[in-house]
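Just below is one structure, and these are the notes that go with it.
Model, not experiment: these values are computed from the prediction.
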Amino acid sequence: MKMITAYIQPEKLDDVKRELFLVDVRKMSVTNAHGCGQQGGYTENYRGVMQEVRLLKKIRLDVAVNDHFVQATVDAIIRGARTGNIGDGKIFVMPIEQCYRIRTGEQGGDAIG
Amino acid sequence: MKMITAYIQPEKLDDVKRELFLVDVRKMSVTNAHGCGQQGGYTENYRGVMQEVRLLKKIRLDVAVNDHFVQATVDAIIRGARTGNIGDGKIFVMPIEQCYRIRTGEQGGDAIG
Amino acid sequence: MKMITAYIQPEKLDDVKRELFLVDVRKMSVTNAHGCGQQGGYTENYRGVMQEVRLLKKIRLDVAVNDHFVQATVDAIIRGARTGNIGDGKIFVMPIEQCYRIRTGEQGGDAIG
Amino acid sequence: MTAIDSMYLLLTTAAVFSLQAGFLLSITGVTRAHHAIALFLKTFATAGIGVIAFFAIGYGLAFGPSAHGVFGTPHFSLRLAFPESQLPRILFLLSVFLLVPVIPLGAMAGRIRFPIHLAYAAFAFLLIVPLSFKWVWGSAIDPLAAGWLQKWGFLDRSGAAVVHVVAGAMALAASLVAGPRLGKYGADRKPRAMPGHHLPLSGIGMFLLIGGWPFFLGGFEPSFSAAHSAQLALVAILAACGGFFGALIPAWFATRKFDAPFALNGILAGLVVVCACPESLGGWRPLLVGMGAGALVFGGILFIEMVARIDDPAGAISVHGIVGAFGALLPGILHPGAGLLRGGGFHQILIQAAGTAVLALFAFASMWAFLRLLKALFGIRARPVEELRGLDLSEHGMEAYSGFQIFDQH
Amino acid sequence: MTAIDSMYLLLTTAAVFSLQAGFLLSITGVTRAHHAIALFLKTFATAGIGVIAFFAIGYGLAFGPSAHGVFGTPHFSLRLAFPESQLPRILFLLSVFLLVPVIPLGAMAGRIRFPIHLAYAAFAFLLIVPLSFKWVWGSAIDPLAAGWLQKWGFLDRSGAAVVHVVAGAMALAASLVAGPRLGKYGADRKPRAMPGHHLPLSGIGMFLLIGGWPFFLGGFEPSFSAAHSAQLALVAILAACGGFFGALIPAWFATRKFDAPFALNGILAGLVVVCACPESLGGWRPLLVGMGAGALVFGGILFIEMVARIDDPAGAISVHGIVGAFGALLPGILHPGAGLLRGGGFHQILIQAAGTAVLALFAFASMWAFLRLLKALFGIRARPVEELRGLDLSEHGMEAYSGFQIFDQH
Amino acid sequence: MTAIDSMYLLLTTAAVFSLQAGFLLSITGVTRAHHAIALFLKTFATAGIGVIAFFAIGYGLAFGPSAHGVFGTPHFSLRLAFPESQLPRILFLLSVFLLVPVIPLGAMAGRIRFPIHLAYAAFAFLLIVPLSFKWVWGSAIDPLAAGWLQKWGFLDRSGAAVVHVVAGAMALAASLVAGPRLGKYGADRKPRAMPGHHLPLSGIGMFLLIGGWPFFLGGFEPSFSAAHSAQLALVAILAACGGFFGALIPAWFATRKFDAPFALNGILAGLVVVCACPESLGGWRPLLVGMGAGALVFGGILFIEMVARIDDPAGAISVHGIVGAFGALLPGILHPGAGLLRGGGFHQILIQAAGTAVLALFAFASMWAFLRLLKALFGIRARPVEELRGLDLSEHGMEAYSGFQIFDQH
Ligand SMILES: Nc1ncnc2c1ncn2[C@@H]1O[C@H](COP(=O)(O)OP(=O)(O)O)[C@@H](O)[C@H]1O
Ligand SMILES: Nc1ncnc2c1ncn2[C@@H]1O[C@H](COP(=O)(O)OP(=O)(O)O)[C@@H](O)[C@H]1O
Ligand SMILES: Nc1ncnc2c1ncn2[C@@H]1O[C@H](COP(=O)(O)OP(=O)(O)O)[C@@H](O)[C@H]1O
């Protein structure tokens, strides 16, 4: 089992969700986040004042999947989130050792999906 | 060391915390999140308009514990969060390789608790 | 590749970011969080009513780095966040198995930085 | 005019100015956070353009001498030289004038670019608002300058048609030309709910509207009469009560929830519906009429959203257009001596229907044509990514609630 | 009544209406976000029910002819046929009438179901409010219709007892019957702080209250007198200042913080305390009396919360009940010729104490019994999970601040 | 004074009181969330201190008998025994008096400790405000008590200098002594943007300011004249329009955004600039003057922030100080018979310039010295960690928006 954590542009969430649904990934968690990636030293004009913008709004998406779903999930996120511009985001894949469904107490690969 | 990440119903946070305290787990981090799990295609009536509810409010709980505490922690979360209804939530256990207490610089199992 | 997750005091974020920039770590994600650590049973006086303060505001910082950057990153965070007081925070290091840059599709160590 | 008459006019003027804030807050609260600045700035800009337009041309068009009653001559207004004694009344009329193009913001929220809004407001202030004022209220300053609908016998004391139907028609035109907000209708053509971001703000707006309305009605009195003013206040209060329950109850049956936006729309519907002939609504009648208006607005909003599939975020088309039209018919039913139920036969109600239709068509058609033109020439909507990020960021360069964490799934 | 008298009455009426908004915002700001809609809708619904109840029955009960002075006869009000010249005063009385059951929302926030609130409001409007008005202000319209407390010599010009003590007593009854909000008291029976979600909203509410209060006091004048109105405004201002410091200073000593909710409660306490006899508070007295009221409200809130263990989220019991009672005693101390310090002996203060006790007991006991009955029949609180998720979601189907991320640990 | 004169005065007084709320909301909205309570409580405390100071000493200093015209004698005010007929006017003057030290909060936001603010307000109310009132408006109550600038021929009808320049000068002094907010200027000495947390709040504040301003101007009329009041309202409205566009347009050229805070500042600048001689601005002149003021405030804010490197969060120094000074010169240009363009030569404008300079210097120097003293004795700022966590938590022990997730990177 893997945890796939992606940081994407907020306005792409709907597209990403649609792509995930198409590959039958329907479970996920979403959080507000702020990030800097390639735009690290970026500046912006705010009311005539040049402003060093450091942390831009991002959406963090956490999707836990069984191992054989990882590639499809990553590809779906990329399809939904890519515009070709800086700020499109990043995906991290991390290992999950165990998973429980609280309602039933199920464990492992059964619980995740 | 393991990171136990749970998504639970917001109104169950107090119960979960109480259960965790009872097994002497007192350190944790809590974040607002939105999720869909089993309720993936759920719809809801909002002002007479059938609405596809996609992301429901959840609380994300991160608890880092030493290995021998994992089971007790997971069980406590389940005890506190379970109502038997869809939406009760999910728990993921992930490996932690290292841990530091910022104030003292302590590392590993000493730092975590 | 490692994911370094730190919980720090909100008002130390600027200092931590400065230290990270000094060691050339410029990519990160930041989230609002609430935590209790050593201050577990702490109480506070709110309008004359003794209040058990359970969850204090924290900032969660996620920084993904290549393995040889881990120590420098951890040290930078500690330098920026330490005041010597309880509540300074905690750092967790977790394994990342794969990383993708959405814009280009790059993978692994190239994508992370 | 005695001193007390003009002091009353000053008060009513201030109250009607506050209705701008009332509408703005009501609208802002039930729409999304990321274009709240846009709504505020558009409202202020509307007022700014309106003041200039009124004194430059609009006042003359609306109230200047005119034999035909179609438009007045703007000859004297350019130097702002008004007879001193009429200035209070002129300011009152200005305050009503400014209100009309603010109302359609409720239907236009969230997607129309700021410069386009300026053009929209200028067009409304230079053509639609002054002419409709002329036709019905042309003699407000100069008794010889009556408008053609007025001469016909069309009755609309406080603007059920002149203000609300006209505003509703402009709202309809704007929403049709602009199209719905992104995400409002799914691929299945079903509407998706887009909940408002700050209902207490709408509640505050509603307090302003309720508080200002009795003065809005009262400002059209020729002189101050305590008994009349109190009677008008009573009518407004009863109608607002009726509207509240008239919308709350069917909404409860439909959803088993006590729906606050519907209830607020109901209150406003009650206020709107009595505008045409508040003085002929004695006893408990305003309560009943208000209940009807509340029910109407409940049905109207659902119809507009689900059947007609027009995106009207705050319900302006229903509250002002549909309910306003119902209100504009009321003199034909209840006006003493002329109304259907008061021994007057069908004559008056036909006039009311025809006059209302004329005003609605005029406002709708001219605004529709104008916005289509703008759309063809420049486009009237923000680019999709700008709309999704919110007009506040894209056009105004900042957020309304900077620092607040907002997560909005639409 | 001259035209200026009635214009003044219209103004005071508008101002007292705005007090509804003032109380609502004050309460909403110091309570939690997830029942803000519930508070707004309950306030609007209270007004809606009140208007209907007033004209249907309440007006007659309160001000109609009555030999015994216990209740009036509602015979004429059903057709809404008032003498024209009295309508402005009647509307003013209506505005005060509507206010009373809004105030207890401060103690009832967060847990009582909407339909129960409707019943509560109806009961208050049909029994408690009109009768208490009758007893003390029965002769407001018809000089022969005086109430029995009035005939006794009980003095309460602007409602320290009739409005505030009565409201405070209803608040106490409601809070006792409903019990505290979930999580307010821990297993150790110690109170837990439940901080307000929007203090600026409370601040805005306070501006409305301060701004409206001079008119609230002024509306009870028989006719407009510039000197009196100004004097009443001065009294209100000084008392508000006194209340502010009177609550801020002890709160600072207790917590070493400059506590905003206490300070706001102090201001309101200052305003409340002068209601019974504003005209007998000359010179700096209102400042001193206000300081006393501020200190009293500080102590009262702590007492209610920590000793009596009654959950009163916005402090309504203390601000209106306790301080109102203190204010109602003042005529017995300061009324020229009758008060203890003005050469009147103990007679008047005993009357004041007895009258206040009667009103408090009447309001408390009847509301307590009524709510116990409702509780036995239907239950009056939302289910625990609904309360934890917030009344807005469970009863109104939406959130007040949709999209805003809110994390609340209670 | 007739009844209607004094009723008008009561209205203007209420309106000027509401300007306190207007300024507060405007300021709060454009600054950060974590000191919103601090701003509210400081405003209420300012009013509280001001009321006491006014009646204890300030009224006498400002309006009491005085041969030299530098300060009056406070002899009679201690017992609050005013001639009844003058009370309405005295309350109006009080409302203006209270306003002055509220305005500088716009420059002082976010870093000054609460007790220091109390001292600041007391100092302003005991020295700066009453003396500047005396010098220019000394004869407001007693015709023989004219001030020395007044005798000189200095004209400032509604306070362009006495209110706004004085407030702007105090704001400048306070900001200089306090220094910028942490994080406002980087190591490179370049300003960092610190966006406001609640622009709708500022918008509501602006509605209050626009709505109250005509009454603010009108309150200085000797008696009620409908024509004058309406004319003053017209001037205010046109100037506000001018200011809006005067600031919006250059801001758009500079940033290609329609900048809401600049536009709001522009509106206020338009209102401020007409204060000195609203009655001599006929026809379209207020619009032009307002546009100038709007442009001036745009330039002023950028200059203060980027060149002078003074941290003025809400632009108080520019809007009130710079624009107020421009407004105070206008009588020297436009006053009929005396102004430069009205055949009066340079005499009047020199008087205006000198008088304005005197008031500005007096207010600046005394406040600067006083705050330096406080700084040396106690320090005037919160500790850095307190400032970063927000004054609300550190001084007031709670958050303005408890539960709301706020992420602010400054
Ligand atoms: N190394 C990293 N560690 C943590 N978060 C990261 C990292 N790199 C990127 N992110 C997150 O991803 C978001 C998108 O980054 P982006 O600038 O699009 O990266 P790039 O274009 O370099 O792939 C960032 O705002 C940040 O939230
Ligand atoms: N595979 C997953 N990946 C990420 N988050 C998940 C996953 N499954 C569940 N969650 C989170 O847990 C929450 C609760 O899910 P729930 O519907 O109760 O799951 P189930 O009933 O299937 O156990 C979801 O709203 C979501 O936030
Ligand atoms: N074991 C843990 N699991 C999850 N989060 C933790 C844990 N320990 C600490 N934290 C997070 O770190 C924050 C800082 O903790 P702190 O009290 O400074 O810890 P300590 O002083 O014990 O290092 C906490 O508020 C919490 O958010």
Under 4.5 Å from a heavy atom of chain D, the part of E:I37 involved = side chain

Which is it for E:F44 and D:F207 under the ring-ring contact (aromatic ring centres under 6.0 Å, His included) test, yes or no, and what are the steps along the way?
-> CA-CA 9 Å; E:F44 283 112; D:F207 275 112; 4.9 Å; yes

Go through the structure and list residues passing side chain to side chain contact (heavy atoms under 4.5 Å, CB included) with E:P214, not counting sequence neighbours.
-> E:A233, E:A236

Applying a strict 4.5 Å limit to non-hydrogen atoms, the region of E:F40 in contact with chain D is side chain

Tell me, for E:L24 versus chain D, whether the close heavy atoms (under 4.5 Å) come from the side chain, the backbone, both or neither.
-> side chain

Taking only heavy atoms into account, what residues of residues 6-14 of chain E are found under 4.5 Å from chain D?
-> E:S6, E:M7, E:L10, E:L11, E:A14

Given a strict heavy-atom distance threshold of 4.5 Å, which part of E:A36 is in contact with chain D: side chain, backbone, both, or neither?
-> side chain

Check whether E:L91 gets within reach of chain D through its side chain, its backbone, both or neither, counting any heavy atom under 4.5 Å.
-> side chain

Parallel, tilted or perpendicular: which describes the rings of D:H198 and E:F404, with under 30° parallel and over 60° perpendicular?
-> perpendicular

Contacting region of D:L208 [heavy-atom separation from chain E under 4.5 Å] = neither

Scored by heavy-atom pairs under 4.5 Å with chain E, the best of D:G283, D:G282, D:S229, D:G218 is D:G283

Could you look at E:A38 and say if it's the side chain, the backbone, both or neither that has a heavy atom under 4.5 Å from chain D?
-> neither

Using non-hydrogen atoms only, which part of E:L201 is less than 4.5 Å away from chain D: side chain, backbone, both, or neither?
-> side chain

Contact part of E:L118 toward chain D, heavy-atom cut-off under 4.5 Å: side chain, backbone, both or neither?
-> neither

Given a strict heavy-atom distance threshold of 4.5 Å, which part of E:L39 is in contact with chain D: side chain, backbone, both, or neither?
-> neither

Given that the side chain runs from C-beta out, which part of D:F245 has a heavy atom under 4.5 Å from chain E: side chain, backbone, both or neither?
-> side chain

Rounding to 0.5 Å, atoms CD1 (D:I204) and OG1 (E:T28) come to a distance of 8.5 Å

Contact leader toward chain D among E:I4, E:D5, E:L87, where contacts are heavy-atom pairs under 4.5 Å = E:L87

